[in-house]
Amino acid sequence: MHRALYHPRQGYYSSGRCAIGKTGDYFTNVSIGPVFGQLLAAQFAEIWERLGKIDNFVIVEQGAHDGQFACDVLEFLKKHAPEFFEVLRYRIVEPFPILRDRQSLTLKPFQERIEYHDSLRPFAGVHFSNELLDAMPVRLIRGGVEKMVDVQDTNFVFVECPLLEGNAVSNQSALDWVDCVAANLQRGYVIAIDYGRVGDEREGSAQVRAGHRILDSPFEQIGHADITMHVDWSTIAERAQANGLRVAGFTDQHHFLTGILSELWRPGSPAFAWLRRGMPEPPPGDWGQSPLPGSPKMKRELQTLLHPEMLGRAFQVLALEKNVGPDASRLAGFEFAKSLMNMPGLS
Ligand SMILES: C[S@@+](CC[C@H](N)C(=O)[O-])C[C@H]1O[C@@H](n2cnc3c(N)ncnc32)[C@H](O)[C@@H]1O
């Protein structure tokens, strides 16, 4: 998985071959349209307010692909939250030069707000990722046996080998990432959106996608297909807590985005009072049907993101916090998070 995705020249991501959206290999939340970034921008604005409107606030994004999410966030904040826009820095953590070039093209209008790094560094603010964790390489370990890759004739095949290390885990790369984010977050939140499982829910399996088709095997179209794995949310949350982070919320995307939408327009809601000042009023009498005043296109985008049979239940959102204060109330996105799905640290 590591070589297929990250080989410097042949890897699906590192070569720049990864294509997302209608003409690419698959859709992500970001590729549905700008409304995803707009709602997350509102959530970041609430976090900025919660941290005391600090003037060194950084939005860190990892797995930024072509920079479209950053662009959607910055356009929204420039228009609706200029006081926040004026102080924030948007930091993209991008190890691959070909993707950095694409990002700087997309983000040209915002170049004075953006910085690029190839690894994480200390920050106060929010770390955001969409479908970063599912792209981290895993080992296929089960019951003391590890599936490894061999060559038979001219084909790659899986072979099963006894596991020699006693404490090996499947998702070590993701756990190392948690250690790294925790070490670099001075104050604020981590928001990770991805598809995954909690506790003993069904064992994850690798998904291989190309040209909007699910392929049968990771050995098909190597370097031209995406390989992802269900995120094991429980071990991520446990590792975060072991690193001094607190689980601030966990829910599915449907409830998360609905929480933000509803707080944004709920009459009298304090969460976004200052942000609402810069936005048009929702049409009178339309409350509950059209929470964001918008076009039919925007409503279609929202439906795709929210509908339980589209992306609404497929994706989950984990928020972690550090040094925010012991009494921090729920973020808007977790207002409707009811079932906490046995997530460690939440009961
Ligand atoms: C499935 S894509 C998601 C792209 C985008 N966030 C979206 O939702 O459209 C996963 C991305 O994570 C990136 N990635 C994986 N590991 C990374 C790391 N350690 N640092 C930065 N980006 C990474 C890959 O290069 C790829 O662009």
Side-chain angles (χ1 to χ4, degrees), residues 1-40 59-73 90-104 106-107 115-121 123 126-138 171-181 183-184 190-196 206-210 212 214 223-231 236 253 257 301 304-305 311 314-317:
M1 188 171 174
H2 185 255
R3 302 212 98 198
L5 299 179
Y6 302 106
H7 180 279
R9 276 173 290 110
Q10 305 298 344
Y12 177 69
Y13 294 131
S14 40
S15 66
R17 277 198 291 264
C18 166
I20 298 177
K22 207 169 170 183
T23 56
D25 293 317
Y26 51 91
F27 290 104
T28 62
N29 285 321
V30 179
S31 66
I32 300 301
V35 72
F36 179 72
Q38 293 165 358
L39 292 176
L40 265 300
I59 300 173
V60 181
E61 186 186 359
Q62 224 173 335
H65 188 56
D66 59 2
Q68 191 55 52
F69 175 81
C71 186
D72 297 337
V73 166
Y90 200 107
R91 180 178 298 171
I92 293 184
V93 177
E94 181 54 71
F96 305 121
I98 190 162
L99 294 183
R100 207 185 270 205
D101 290 348
R102 282 185 206 162
Q103 291 153 4
S104 52
T106 310
L107 293 165
E115 48 188 80
Y116 297 93
H117 298 287
D118 51 19
S119 59
L120 284 164
R121 52 185 61 199
F123 69 99
V126 62
H127 180 290
F128 176 77
S129 64
N130 185 66
E131 291 206 57
L132 168 73
L133 288 168
D134 68 13
M136 296 201 171
V138 291
N171 61 345
Q172 191 61 52
S173 307
L175 300 183
D176 292 344
W177 170 82
V178 175
D179 295 349
C180 188
V181 180
N184 282 289
V190 177
I191 296 181
I193 303 187
D194 225 308
Y195 75 101
Q207 266 214 42
V208 189
R209 297 179 291 183
H212 291 281
I214 306 275
H224 292 261
D226 194 24
I227 307 176
T228 57
M229 192 76 180
H230 276 87
V231 173
I236 300 282
Q253 175 163 297
L257 296 182
E301 289 173 14
T304 308
L305 295 171
L311 302 179
F315 286 89
Q316 300 85 43
V317 185

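Just so you know, ligand 1 is whichever comes first in the structure, and atom 1 is the first atom listed for that ligand. In this text, all values refer to a predicted model and were calculated from it rather than measured experimentally.
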Polar contact flag, side-chain donor to acceptor under 3.5 angstrom, Tyr26-Ser31: no

Shortest protein heavy-atom distance from atom 20 (N) of ligand 1, along with the residue and atom involved: Gln62 NE2, 3.3 Å

Identity and distance of the protein heavy atom lying nearest atom 22 (N) of ligand 1: Gly63 N, 3.4 Å

Phe128 side chain near Val60 side chain, heavy-atom distance below 4.5 Å: no

Arg17 (side chain) donor-acceptor with Gly223 (main chain) under 3.5 angstrom: yes

Structural part of Val30 in contact with ligand 1, heavy atom criterion under 4.0 angstrom: side chain

Side chain, backbone, both or neither: the part of Cys18 lying under 4.0 Å from ligand 1 by heavy atom: neither

Trp177 and ligand 1 - part of the residue with a heavy-atom distance under 4.0 Å: neither

Numbered atoms of ligand 1 (with element) below 4.0 Å of Thr28, judged on heavy atoms: 7 (C), 8 (O), 9 (O)

is_close_aromatic(Phe27, His212), centroid dist under 6.0 Å: yes

Side chain proximity check, Val208 to Asp226, heavy atoms < 4.5 angstrom: no

Atoms of ligand 1 close to Tyr6 [distance to a heavy atom under 4.0 angstrom, numbered from 1]: 15 (C), 16 (N)

Sub-4.5 Å side-chain heavy-atom contact between Arg121 and Arg91: yes

Atoms of ligand 1, numbered as shown, that sit under 4.0 Å from any heavy atom of Ile20: 4 (C), 9 (O)

Per-atom contacts of ligand 1 with Val93, taking only distances under 4.0 Å to non-hydrogen atoms: 21 (C)

Ser14 side-chain N/O to Gln10 backbone N/O, donor-acceptor pair under 3.5 Å: no

Tyr12 ring center near Tyr6 ring center (under 6.0 Å): no

Nearest-neighbour protein heavy atom for atom 14 (N) of ligand 1, which is reported as residue plus atom name and distance: Leu132 CD1, 3.5 Å

Sub-4.0 Å heavy-atom approach of Ser31 to ligand 1: no

For Tyr26, the ligand 1 atoms whose distance to one of its heavy atoms is below 4.0 Å: 1 (C)

Heteroatom proximity flag, Asn130 to ligand 1, N/O under 3.5 Å: yes

Donor on one side chain, acceptor on other, Glu115 and Tyr90, under 3.5 Å: no

Within reach of ligand 1, part of Thr228 (heavy-atom separation under 4.0 Å): neither

Under 3.5 Å: N/O of Ala64 near N/O of ligand 1: no

Donor + acceptor pair across side chains of Asn29, Gln253 (<3.5 Å): yes

Contact (N/O only, under 3.5 Å) between Glu94 and ligand 1: no

Contact check, side chains of Pro34 and Gln68, non-hydrogen atoms, under 4.5 Å: no

Ligand-side contact atoms (ligand 1) for residue partner His65, heavy atom cut-off under 4.0 Å: 4 (C), 5 (C)

Atom 10 (C) of ligand 1 - nearest protein heavy atom and its distance: Glu131 O, 3.2 Å

For ligand 1, the portion of Tyr12 having any non-hydrogen atom under 4.0 Å away: neither

Contact partition for Phe96 relative to ligand 1, non-hydrogen atoms under 4.0 Å: side chain

Heavy-atom check, side chain of Asp118 versus side chain of Val93, under 4.5 Å: no

